[in-house]
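All ligand and atom numbering here is 1-based and tracks the order in the structure. The chain is numbered in sequence order, starting from 1.
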Amino acid sequence: MKNDAAVTDYFSRPQTSKTSPDSFPATMPLGQFLFEYLYRRGLRHSFGVPGDFALPTFSWLEKSKIQNITMTHEPSAGFAADAYSRINGIGLVCVTYCVGGLNVLNAIAGAYAEKSPVVVVSGAPGRKDREKDPLLHHKVKTFETQRRVYDEVTVASAVLLDEQRAASEVARCVEACLRHKRPVYIEVPHDMVDREVPIVNISPPVCEQSDPHTLSAATEETLALIRAAKKPVILAGVELARYRTAGLVLRMAERMNIPIAADLLSKSAIPENHPLYIGVYGGAMSSDEYVRHYVESADLVLMLGTFITDMSMGFYTAKLGRHQTVLATTERVSVRYHRYESIQFRDFLEVLAGAKITRKDFKHPNPDRLPVKLTQSERSELLRMADVFRILSLHLDERCCVVADIGDAIFGAVGIRSARQAQFIAPAYYMSMGFAVPAGIGVALAAKKLRPYVLVGDGAFQMTGVEVSTAVRLGLNPVIIVLNNDGYGTMRQIREGSFNQITQWNYAKICELVQGGRSTTVSTKGEFDKALTTAQKSNELCVIEVRVPRGEVSDQLAQIAREVRKVRGMNHPDKAN
Ligand SMILES: Cc1ncc(C[n+]2csc(CCOP(=O)(O)OP(=O)(O)O)c2C)c(N)n1
Ligand SMILES: [Mg+2]
């Protein structure tokens with residue numbers, strides 16, 4: 001059964017057992033097979049909204065061992081499934097044709113971009129309905145439209161119109177999802193799902209091999225660089241979390257005494273309270289100046305599983321020369337100017353982890369890097385954004401998972417550092433607003449021992465915040481911190497305009513609306529601290545509305561906005577026009 005692993009194991013849990021083709025009967029109703037196969041590959045929850053074309057599929061889902069979670073809107077189902085998959089190893093969305101499927105597309109695009117394995121199951125018009133190409137409700141251009149659109153955001157897709165191939169198509173898509181850690185699309189016509197189909201040609205998962213000569217050339221070149229380096233550093237990337245390989249990197253780092261930094265997307269992939277961990281690197285958006293300096297003055301940067309994106313590299317402010325970097329991901333291994341093909345990421349890491357290398361000299365640049373305690377005298381002071389993250393850090397421990405939305409919620413969260421390791425999840429590359437509240441539901445269901453601490457701006461809350469309603473219905477107890485700075489603060493830092501204004505809501509009233517949870521509004525440091533203490537003691541869902549003045553931002557957001565303005569040739573909003 002899931003959810004009983006040690007708390008710190010959430011990001012390194014191995015996949016569930018392999019599915020053997022022999023273990024299914026010779027024939028099964030297609031719907032029954034679909035959800036049984038998904039169950040055996042690790043799924044326990046599905047997120048979605050039904051519709052007439054999907055109802056027969058939902059009936060099979062209801063009869064299966066996978067729990068359906070009906071959300072208020074499909075985008076939320078996608079965000080919840082994405083976050084669920086980041087912890088569980090695979091997620092599932094179940095929706096209806098086009099109106100549902102295309103509604104969830106943006107969230108699935110994000111899952112593709114950030115390598116989160118989500119299976120999209122969409123109900124669809126029947127095989128019979130498609131004869132003579134009639135105009136049916138929900139159809140856009142052709143019956144193929146939704147599948148074609150999904151081909152842009154998935155690594156495999158199938159429309160189950162053929163009984164003989166239906167089972168093998170399901171298996172092909174699900175295995176591709178697990179192998180590539182990216183979404184897949186399975187379209188289920190409503191008149192196919194009850195049919196008895198043969199369970200044939202379910203090939204076992206492919207295990208790709210490294211070319212031994214290339215592997216040894218790449219690792220030898222890397223190890224020679226490590227041996228020669230006086231000040232190496234590891235930049236731990238998000239693929240270490242997705243491919244459950246953080247343990248190998250830790251083994252290597254401990255053996256060689258090499259410090260580790262993360263980036264915004266990979267924050268918490270490596271335990272942040274590990275003695276070798278120095279903080280988040282992101283050029284001008286680094287968590288601390290000493291992290292930035294350490295990484296940029298290193299003579300060798302080992303980027304392991306790292307996505308090099310504009311945001312994670314601080315909007316072109318990162319200074320990492322190719323002549324001193326090794327970049328190894330599941331897609332490529334580049335050692336300085338050499339690029340090696342046909343190497344499996346895990347094999348590469350395993351060789352490095354097993355290598356014998358004399359320990360490097362390393363003294364932590366800031367060994368007492370804990371958040372500064374709150375003093376009695378400052379409790380009555382108005383909250384600034386930096387205090388929000390500092391005070392929150394004081395309350396986090398290994399039972400907490402911070403889920404950050406786009407806005408200052410994510411930029412300021414770069415600086416979150418707790419004494420006891422908390423988890424962190426955010427769409428830090430694709431950066432779609434509306435992620436965090438539904439993602440909190442995904443986190444809570446994937447790991448019952450983790451309590452989500454959702455950080456969400458007022459703008460993003462207005463997009464998907466009503467999912468508080470789903471969380472209350474399910475009896476979940478996330479702590480939802482709404483950062484109310486009166487509109488689109490991030491955009492205001494880049495360009496001021498009436499387009500950044502949104503309606504002021506009374507956010508604390510949401511609990512009244514959904515008839516569950518408790519809420520409060522705070523504006524001083526002491527009030528926020530007290531609200532967090534109360535939330536910690538409570539078993540209920542808690543909404544804390546944090547009021548900060550318009551224009552109040554974290555240092556990280558101020559920095560990144562400065563860089564964006566510079567690159568785009570814009571003035572500071574106060575000096576504009
Ligand atoms: C779905 C989506 N729409 C628009 C944007 C562009 N965008 C980025 S941040 C932002 C403002 C966010 O406002 P809020 O949630 O209040 O956070 P704040 O910036 O005020 O901290 C917008 C509109 C986006 N990233 N995602
Ligand atoms: Mg805002």
Side-chain angles (χ1 to χ4, degrees), residues 73-79 82 102-114 153 264-265 285 309-312 315 383-389 392 402-416 426-440 454-468 480-507 510 521 523 543-565 568 570 573:
H73 199 194
E74 286 88 355
S76 299
F79 293 134
D82 177 345
L102 298 181
N103 241 345
V104 75
L105 188 71
N106 173 58
I108 301 305
Y112 183 94
E114 297 191 6
V153 297
L264 185 53
L265 192 57
M285 211 177 60
T309 78
D310 57 350
M311 281 297 168
S312 66
F315 224 73
L383 270 166
R384 307 204 54 194
M385 267 303 179
D387 302 311
V388 172
F389 300 102
L392 176 62
V402 175
V403 187
D405 215 298
I406 304 313
D408 218 351
I410 195 168
F411 297 118
V414 170
I416 289 182
Y429 163 47
Y430 187 63
M431 297 239 163
S432 180
M433 278 167 78
F435 177 86
V437 176
V454 173
L455 281 170
V456 55
D458 48 342
F461 188 86
Q462 291 196 8
M463 289 188 175
T464 54
V466 285
E467 286 303 337
V468 166
I480 297 170
I481 301 164
V482 184
L483 303 175
N484 181 2
N485 57 1
D486 190 19
Y488 294 160
T490 303
M491 297 297 107
R492 284 199 168 113
Q493 283 296 302
I494 303 171
R495 175 160 289 192
E496 183 53 290
S498 57
F499 37 77
N500 293 321
Q501 189 58 50
I502 60 173
T503 313
Q504 265 287 10
W505 285 9
N506 189 343
Y507 295 95
I510 185 86
T521 301
S523 54
V543 175
I544 305 174
E545 179 194 354
V546 175
R547 288 208 184 139
V548 293
R550 190 199 274 203
E552 169 56 32
V553 289
S554 69
D555 291 348
Q556 282 83 8
L557 174 53
Q559 281 277 15
I560 203 83
R562 193 171 306 140
E563 296 306 326
V564 175
R565 290 196 306 267
R568 306 253 167 97
M570 296 175 187

J.: Nearest protein heavy-atom contact for atom 13 (O) of ligand 1: which residue, which atom, what distance?
T.: Tyr488 CD2, 3.3 Å
J.: Compute whether any side-chain donor of one residue and acceptor of the other, for Asp458 and Gln504, lie under 3.5 angstrom apart.
T.: no
J.: Closest non-hydrogen protein atom to atom 19 (O) of ligand 1, residue and atom name please, with distance?
T.: Thr490 OG1, 2.5 Å
J.: Please determine if Asp458 has a nitrogen or oxygen closer than 3.5 Å to a nitrogen or oxygen of ligand 1.
T.: yes
J.: Side-chain donor-acceptor pair under 3.5 Å between Tyr488 and Gln493, yes or no?
T.: no
J.: May I ask you to test the Phe389-Leu455 pair for a side-chain heavy-atom distance under 4.5 Å?
T.: yes
J.: Could you tell me whether some N/O pair between Ala460 and ligand 1 is separated by less than 3.5 angstrom?
T.: yes
J.: Does the side chain of Ser432 reach to within under 4.5 Å of the side chain of Phe79, using non-hydrogen atoms?
T.: yes
J.: When you measure from the Mg ion (ligand 2) to the N, O or S atoms of Tyr488, does any of those distances fall below 2.8 Å?
T.: no
J.: Identify, by atom number and element, the atoms of ligand 1 in contact range of Gly489, meaning under 4.0 Å from any of its heavy atoms.
T.: 18 (P), 19 (O), 20 (O)
J.: Do Met433 and Asp405 have side chains that approach each other closer than 4.5 Å (heavy atoms only, starting at C-beta)?
T.: yes
J.: If the cut-off is 4.0 Å to any non-hydrogen atom of Asn485, which atoms of ligand 1 fall inside it?
T.: 18 (P), 20 (O), 21 (O)
J.: With heavy-atom distances below 4.0 Å as the criterion, list the atoms of ligand 1 near Gly459.
T.: 14 (P), 15 (O), 16 (O)
J.: Taking just the N, O or S atoms of Asp458, which one is nearest to the Mg ion (ligand 2)?
T.: OD1
J.: With only distance considered, is Ser432 within less than 3.5 Å of ligand 1 through an N or O on each side?
T.: no
J.: N/O/S of Gly459 less than 2.8 Å from the Mg ion (ligand 2)?
T.: no
J.: Considering only heavy atoms of Met431, which atoms of ligand 1 have at least one such atom less than 4.0 Å away?
T.: 24 (C), 25 (N), 26 (N)
J.: For atom 24 (C) of ligand 1, which of Met433, Met491, Met385, Glu552 has the closest heavy atom?
T.: Met433
J.: Just wondering, do His73 and Thr464 contact through their side chains at under 4.5 Å, heavy atoms?
T.: no
J.: Given Phe435, which of Ile410, Val454, Asp82, Ile406 fulfils the side-chain contact (heavy atoms from CB on, under 4.5 Å) condition?
T.: Asp82
J.: Return the closest protein heavy atom for atom 21 (O) of ligand 1 as residue, atom name and distance.
T.: Asp408 N, 2.8 Å
